[in-house]
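Contents: one structure, followed by commentary.
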Amino acid sequence: MTSQQMMDLTQQYILNTYGRFPVALDHGQGATLYDPEGRAYIDFTSGIGVSSLGYGCALWADAIAQQAQKLGHSSNLFYTGPAAQLAEILCRRTGMAGVFFANGGGEANEGMIKLARKYSFDRYGQGRAAIITLNNSFHGRTITTLKATGQERFHNYFFPFTEGFRYADANDLPSLEAQSGADVCAVMVELVQGEGGVLPLDQEYVRTLARICKERDWLLLVDEVQSGVGRTGSLFAFQRYGVEPDVVSFAKGIAGGLPMSGILANAKCRNVLGPGTHATTFGANPICAAAALVVQETLTDAFLQEVEEKGTYLRQGIEALNLPCFGATRGMGLMIGIEVKPGYSNGEIASKLVENGLLVLTAGDGMRLLPPLVISGEEMDAGLAIMKKVLS
C-alpha cells in the first residue's frame, strides 16, 4: 500500500482515538523508519518506548519465527518454557521473588492495584484499601488506572470511576502525610513521571517514602511501564534509587515490540494472588516471551552503560544547539524530557520535526524523547541536525 492508501483505510475503518501525524510507516532498520515511498525518519520515539531493540533486529525476529513454528500459544493452565525462563531472569536480575505476565501497561498496573488491596484485606480485613498516587502521574487508560492517574483532566466521561485513590504532590512529604490515614494500603509512584513531562523523583524523597511504607506496612508500588527494561540505563529505575519496592509493573520494551507486560512481586507479596484471584488469556504467551528473552540477553551491564552514555550525549547535544524554543533537558538514560519555553507550542514543534524527518513525542508542556536503546551515534547526530535546521 502507498502512504495515502494506509491513511485512507485507517480513517475509514479504525476508531479515531489517536491524534495521528500524517506519516505512514512501512519498515525500519536500527533507529530509522521508512514510509512506503522510501522516505526516512529518524526515530526518537521507539513506538513510545516499545521498540527497545529498534527495527530489523535479526536475533529478535529469528527467535519469534522459531517459537512461532514450535508453539504459538497455550493456556496458562499448562506450563511453557519461554515464560519460565524469562521469569527466572527477571527475578535474578532484580531480587524480586515472582512474576505475573500480562499484555499491556494498564493491565499490569491493574494487577498491581489488585495485589495491594488483597494483601491488605488478607492481613487487616475490609476498610484498608486506599492507594496514594502522585499528582501529575499517569498509570493507564482503564477505568481504574485512569482514576489512579493524578491528573484531573483524565477523570472525565467514563463515570463512575473506581474509588479509593488520593493524590499527593511529588517530592513533598507533608503532602503525602496529608493524604495518609488508617485506610491506606499502598503508595503507587512512577520514579520518572513520563506522560507528565519526564520528571524524575528526588532520590531522598523516594528513600524516605520507602521507609515510611515499610514502617506502616503500606505496599510500595512502582510503575515502571515506561522507565523499565533498560530505558533509564539500569534494568529498572528503582535500582538507580537504591530502594526495594514490594511490587513493580513493567511493559513497553519488555518484548521489544510484541505486546507483553507484567508485575514483579517481592517475597512478602509472592503468594498474595493465588489460583482464581487473577488471570489473563494471553499473558506469558510463548512468542512474546521468546522475544523478551532476546531483549534480556541484549541488556548486559555494558549495554546499559552505553544507554546511559547515549542519553548524556543526546541531552548535551540538544542543549548545545541553544535553540530559542528549548530550555533545559531532564531525565535518565534514554528517557529524556525537554523544557519548551513560554510562547512556543510543543505540539507545533513536534509537527515541524516530524514533517522534516524526526519522530518525537510530547509530554506535559514539554518534549519527550524515547529512542530505541540501540540508536547509533550517526542516528543521534542526524536527529540533532534536523532539530538545528528546523528550530533554529
Side-chain angles (χ1 to χ4, degrees), residues 1 25-31 33-34 43 46-108 110-111 224-225 228-231 235-236 248-265 270-271 273-304 307 372-374:
M1 285 191 290
L25 300 174
D26 181 72
H27 62 282
Q29 187 65 46
L33 288 163
Y34 300 87
D43 183 19
S46 63
I48 315 184
V50 170
S51 300
S52 48
L53 303 186
Y55 310 99
C57 175
L59 288 175
W60 181 80
D62 288 346
I64 291 170
Q66 290 170 15
Q67 184 58 49
Q69 292 174 343
K70 185 178 179 181
L71 179 67
H73 174 74
S74 175
S75 163
N76 282 309
L77 297 175
F78 307 100
Y79 297 90
T80 58
Q85 291 175 282
L86 179 60
E88 179 187 21
I89 291 169
L90 290 172
C91 287
R92 289 187 181 278
R93 296 190 71 178
T94 61
M96 303 297 272
V99 186
F100 176 90
F101 290 114
N103 305 286
E107 184 184 352
E110 285 264 355
E224 295 234 28
V225 166
V229 198
R231 176 57 53 186
L235 188 61
F236 287 94
V248 177
S249 63
F250 58 87
K252 292 197 179 288
I254 184 67
L258 294 186
M260 192 176 208
S261 70
I263 56 175
L264 284 155
R270 171 68 173 80
N271 296 313
L273 295 175
T277 60
H278 196 51
T280 178
T281 297
F282 292 103
N285 174 269
I287 296 175
C288 295
L293 287 171
V294 175
V295 174
Q296 288 300 310
E297 290 167 7
T298 304
L299 300 185
T300 63
D301 289 343
F303 182 93
L304 292 172
V307 170
L373 304 184
V374 297

Quiz prompt | side chain to side chain contact (heavy atoms under 4.5 Å, CB included) against P259, all qualifying residues, sequence neighbours excluded | solution =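 So P259 forms a side chain to side chain contact (heavy atoms under 4.5 Å, CB included) with C288.
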What's the separation between atom [atom1] in [X] and atom [atom2] in [Y], rounded to the nearest 0.5 Å?
{"X": "L264", "Y": "F100", "atom1": "CG", "atom2": "CZ", "answer": "12.5 Å"}
{"X": "S261", "Y": "F101", "atom1": "OG", "atom2": "CZ", "answer": "9.5 Å"}
{"X": "Q29", "Y": "Y34", "atom1": "CD", "atom2": "OH", "answer": "7.5 Å"}
{"X": "L293", "Y": "L59", "atom1": "CG", "atom2": "CG", "answer": "12.5 Å"}
{"X": "D26", "Y": "L33", "atom1": "CG", "atom2": "CG", "answer": "10.0 Å"}
{"X": "Q69", "Y": "I287", "atom1": "CD", "atom2": "CD1", "answer": "10.0 Å"}

At their closest point, which heavy atom of [X] faces which heavy atom of [Y], and how far apart are they?
{"X": "G262", "Y": "A108", "result": "O-CB, 3.5 Å"}
{"X": "G283", "Y": "N103", "result": "N-OD1, 3.7 Å"}
{"X": "I64", "Y": "A291", "result": "CG1-CB, 3.9 Å"}
{"X": "C91", "Y": "V99", "result": "SG-CG2, 3.8 Å"}
{"X": "A289", "Y": "A83", "result": "CB-N, 3.6 Å"}
{"X": "N76", "Y": "A284", "result": "OD1-CB, 3.6 Å"}

Side-chain heavy atoms of [X] within contact of [Y], under 4.5 Å:
{"X": "I89", "Y": "E297", "answer": "no"}
{"X": "N285", "Y": "L258", "answer": "no"}
{"X": "T298", "Y": "L53", "answer": "yes"}
{"X": "L235", "Y": "Q296", "answer": "yes"}
{"X": "P82", "Y": "K70", "answer": "no"}

Quiz item: Between the main-chain N or O of G105 and the side-chain N or O of K252, is there a donor-acceptor pair closer than 3.5 Å?
Solution: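 Checked: no pair found.
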Self-check item: Any donor-acceptor pair under 3.5 Å from W60 side chain to A255 backbone
Solution: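 Checking the backbone N and O of A255 against the side chain of W60, a donor-acceptor pair under 3.5 Å is found.
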Self-check item: M260 vs V295, side chain to side chain contact (heavy atoms under 4.5 Å, CB included): CA-CA, chis, key distance, verdict
Solution: CA-CA 12 Å; M260 192 176 208; V295 174; over 6 Å; no
Quiz item: Would F282 and H73 count as a ring pair (Phe, Tyr, Trp, His ring centres under 6.0 Å) if you check the C-alpha gap in whole Å, the side-chain angles of each, and the deciding distance to 0.1 Å?
Solution: CA-CA 8 Å; F282 292 103; H73 174 74; 5.5 Å; yes
Quiz item: Which is it for L71 and T80 under the side chain to side chain contact (heavy atoms under 4.5 Å, CB included) test, yes or no, and what are the steps along the way?
Solution: CA-CA 9 Å; L71 179 67; T80 58; 3.9 Å; yes
Exercise. Check the side chains of T280 and E107 for a donor-acceptor pair under 3.5 angstrom, ignoring hydrogens and angles.
Key: yes
